[in-house]
Amino acid sequence: MEVGFLVHMTDPYKSDWSADIRLPLSGSKDSTLKVWNVRTQKLKQDLPGHEDEVFAVDWSPDGEKVASGGRDRVLKLWMG
């Protein structure tokens with residue numbers, strides 16, 4: 001499934017959907033993660049914090065947390 005509103009400063013490297021498929025998540029070379037609202041097609045949350053490219057993103061099964069990892073060799077856990 002492709003979503004046309006995943007906008008980063010550069011193309012996203014990785015994306016994942018929440019378990020209820022309402023919130024796509026994307027990570028990019030621009031060092032940010034973004035959570036989108038499918039219904040409104042607008043940015044729900046911008047998660048800056050990595051110091052380099054974000055290569056891996058994943059939702060927790062309960063949809064309350066997001067994990068991310070990147071070139072900065074940091075694994076982050078974001079709580080909703």
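By convention here, the first residue in the shown sequence is residue 1. All values derive from a computational prediction rather than experimental measurement.
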Side chains of N37 and K42 in contact at under 4.5 Å (non-hydrogen atoms) = no
Side chain proximity check, R71 to F55, heavy atoms < 4.5 angstrom = yes
Close side-chain approach of S68 and L33, heavy atoms under 4.5 Å = yes
With hydrophobic residues grouped by side-chain heavy-atom distances under 4.5 Å, do L77 and L75 end up in a single group?
-> no
Separation between CG of D58 and CG of D16, rounded to the nearest 0.5 Å = 4.5 Å
Under 4.5 Å between any side-chain heavy atoms of W36 and L43, yes or no?
-> yes
Is it true that a side-chain atom of W59 and a backbone atom of L23 form a donor plus acceptor pair closer than 3.5 Å?
-> yes
Within a strict 4.5 Å, meaning less than it, do heavy atoms of the L47 and T32 side chains meet?
-> no
Heavy-atom closest pair (A19 atom, P61 atom, distance to 0.1 Å) is CB-O, 3.8 Å
Under the 3.5 angstrom rule, does the side chain of S15 hit a backbone N or O of S26 as a donor-acceptor pair?
-> no
Do P24 and V38 come within less than 4.5 Å of each other through their side chains, counting heavy atoms only?
-> yes
Side-chain contact test, heavy atoms from C-beta onward, threshold under 4.5 Å: evaluate it for H50 versus K76 and give yes or no.
-> yes
